[in-house]
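Within every chain, numbering begins at 1; the chains are lettered A, B, ... in the order of the sequence lines, protein sequences first and strands thereafter.
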Amino acid sequence: MRRVELPNDTIALARFLIGTVLVHDAPEGRVAGRIVETEAYLSHDPASHSFRGPTKRNASMFLGRGFAYVYRIYGTKLCLNVTSESPGIGAAVLLRALEPLEGVEIMQARREGAALRELARGPGRLTEALGVSADVDGADLCKRGTLWLAASLTSAGVIGRSTRIGLTKAAEDVLRFYERGNPYVSGPRWLSV
DNA sequence: CAACGGATCAGCT
DNA sequence: GCTGATCCGTTGG
């Protein structure tokens, strides 16, 4: 698998990542999936954790393009982002769903035998299936490490666009991207037509 | 220093 | 469709 060269712009990155492969070389073995759904969180975006400037939690959002930003949500789940833009600018792309490609049995073990379609469908399920923990926060995803991005094996299908999911702020911004017709995309059906 | 609340999910109605 | 679980960084007094 080839490593990737990422676009700098957050929206361009959110589109680019659809079809890109996310690989986790864990102790149990390699787990990989094709990214099928993303959301862009821009600089000066009220819905973004970077909105009020750098803090301890969001520090990795300001590293520039291609790093992992991992945070805990609702006390229970982790979410994984790919950072974007230049160092000092807080922006990132949330990875919301994967189409499982490799290491399905490992993912199923981590996800308590969830059905294939549900393995990595949703941001919290994605991190659980991959075995991503908070300590990968700040890791360089373009470098071939334990968690890294590989070039698409197949070209992405038609990319659809909608409002982002689960927000209270800036809920009207159309910054969610997904592969049309892909069954591994999360969220309500009507958002993904 | 206490309270708040969220880029979620599973389980139940 | 609705609700509870459950954490910790951030915020305000």
Side-chain angles (χ1 to χ4, degrees), chain A residues 9-11 13-18 20 22 33 35-63 65-85 89-100 107-139 141 147 159-179 183-192:
Chain A
D9 176 77
T10 308
I11 292 177
L13 178 63
R15 299 186 70 103
F16 175 89
L17 287 174
I18 304 292
T20 300
L22 180 63
I35 298 166
V36 296
E37 182 185 356
T38 62
E39 281 177 359
Y41 288 86
L42 312 179
S43 162
H44 309 299
D45 174 355
S48 174
H49 292 168
S50 62
F51 187 59
R52 293 167 192 276
T55 63
K56 190 176 177 184
R57 170 174 73 152
N58 67 19
S60 53
M61 283 189 92
F62 293 81
L63 291 173
R65 104 177 98 155
F67 295 87
Y69 166 49
V70 180
Y71 68 92
R72 185 170 300 279
I73 187 167
Y74 299 115
T76 55
K77 306 289 191 264
L78 294 173
C79 292
L80 171 66
N81 297 251
V82 181
T83 62
S84 59
E85 308 293 338
I89 297 177
V93 173
L94 172 69
L95 304 183
R96 288 195 55 92
L98 295 182
E99 176 180 338
M107 294 195 228
Q108 265 166 342
R110 294 203 184 105
R111 293 263 305 120
E112 296 177 338
L116 181 65
R117 183 161 178 270
E118 308 293 320
L119 269 190
R121 185 171 174 272
R125 294 165 174 171
L126 183 153
T127 54
E128 191 179 1
L130 276 184
V132 165
S133 60
D135 54 31
V136 308
D137 183 55
L141 299 176
L147 184 65
I159 295 178
R161 203 172 165 165
S162 80
T163 52
R164 294 174 290 186
I165 293 177
L167 300 188
T168 52
K169 291 166 262 175
E172 66 288 349
D173 291 350
V174 182
L175 292 172
R176 171 174 171 265
F177 301 87
Y178 58 92
E179 185 173 47
Y184 299 96
V185 170
S186 80
R189 270 273 251 294
W190 60 269
L191 262 189
S192 305

Legend entry - Given B:dG6, B:dC9, C:dT11, the nucleotide with the shortest approach to the side chain of A:Lys77: B:dC9
Inset, instruction - Could you state the atom-to-atom distance from CG of A:Asn58 to C1' of B:dA7 in whole Å? - result: 13 Å
Legend entry - Expected output: side-chain A:Arg176 to main-chain A:Glu37 donor-acceptor under 3.5 Å: no
Legend entry - Proximal nucleotide (of C:dG9, B:dC9, B:dG6) relative to the A:Tyr74 side chain: B:dG6
Legend entry - Spacing of A:Arg121 atom CZ relative to B:dT8 atom P, expressed in whole Å: 13 Å
Legend entry - Min side-chain heavy-atom separation A:Leu80-A:Leu147 under 4.5 Å: yes
Legend entry - Closest to side chain of A:Arg57, choosing from C:dG9, B:dC9, B:dA7: C:dG9
Legend entry - N/O donor-acceptor pair under 3.5 Å between A:Thr10 side chain and A:Ala91 backbone: no
Legend entry - Any A:Arg96 side-chain nitrogen or oxygen under 4.0 Å from OP1 or OP2 of B:dT8: yes
Inset, instruction - Rounded to the nearest angstrom, tell me the gap between atom CD1 in A:Ile73 and atom C1' in B:dC4. - result: 15 Å
Legend entry - Any A:Arg52 side-chain N or O less than 4.0 Å from OP1/OP2 of C:dG9: no
Inset, instruction - Answer yes or no: are there more than 12 heavy-atom neighbours, outside A:Glu112 itself, under 6.0 Å from its atom CD? - result: no
Legend entry - Nearest-angstrom distance, P atom, C:dT6 to B:dA2: 22 Å
Legend entry - Nearest to side-chain heavy atoms of A:Thr76, which nucleotide of C:dA5, B:dC9, B:dA7: C:dA5
Inset, instruction - For A:Glu118 and B:dT8, give me the distance from atom CD to atom P, rounded to whole Å. - result: 16 Å
Inset, instruction - Find the distance A:Phe51:CZ to C:dG9:C1' and express it as a whole number of Å. - result: 18 Å
Inset, instruction - Look at A:Glu128 together with A:Lys77 and state whether they make a salt bridge at an N to O cut-off of under 4.0 Å. - result: no
Inset, instruction - Could you check whether A:Arg176 gets within reach of a base, just the sugar-phosphate, or nothing at all, counting any heavy atom under 4.0 Å? - result: nothing
Legend entry - Canonical and wobble pairing (Watson-Crick, G-U, under 3.5 Å) of DNA chain C, dot-bracket with |: |||||.||||||.
Legend entry - Euclidean distance, atom CZ of residue A:Arg125 to atom P of B:dG11 [Å, nearest integer]: 10 Å
Inset, instruction - Looking only at side-chain atoms of A:Arg72, point me to the closest of B:dA10, C:dC7, C:dA5. - result: C:dC7
Legend entry - Nearest-Å distance for atom pair NZ/P, residues A:Lys169 and B:dA7: 6 Å
Legend entry - Any donor-acceptor N/O pair, A:Asn81 side chain to A:Thr83 backbone, under 3.5 Å: no
Inset, instruction - Please tell me if the side chains of A:Asp137 and A:Tyr69 come closer than 4.5 Å, counting only heavy atoms from C-beta onward. - result: yes
Legend entry - Partner of A:Glu39 under salt bridge (charged side-chain N to carboxylate O under 4.0 Å, His left out), chosen from A:Arg96, A:Arg15, A:Arg161, A:Arg164: A:Arg96
Inset, instruction - Specify the separation, in whole Å, of atom CD of A:Glu128 and atom P of B:dA10. - result: 7 Å
Inset, instruction - May I ask you to say what A:Leu94 touches in the nucleic acid, namely base, sugar-phosphate or nothing, with a heavy-atom cut-off under 4.0 Å? - result: base
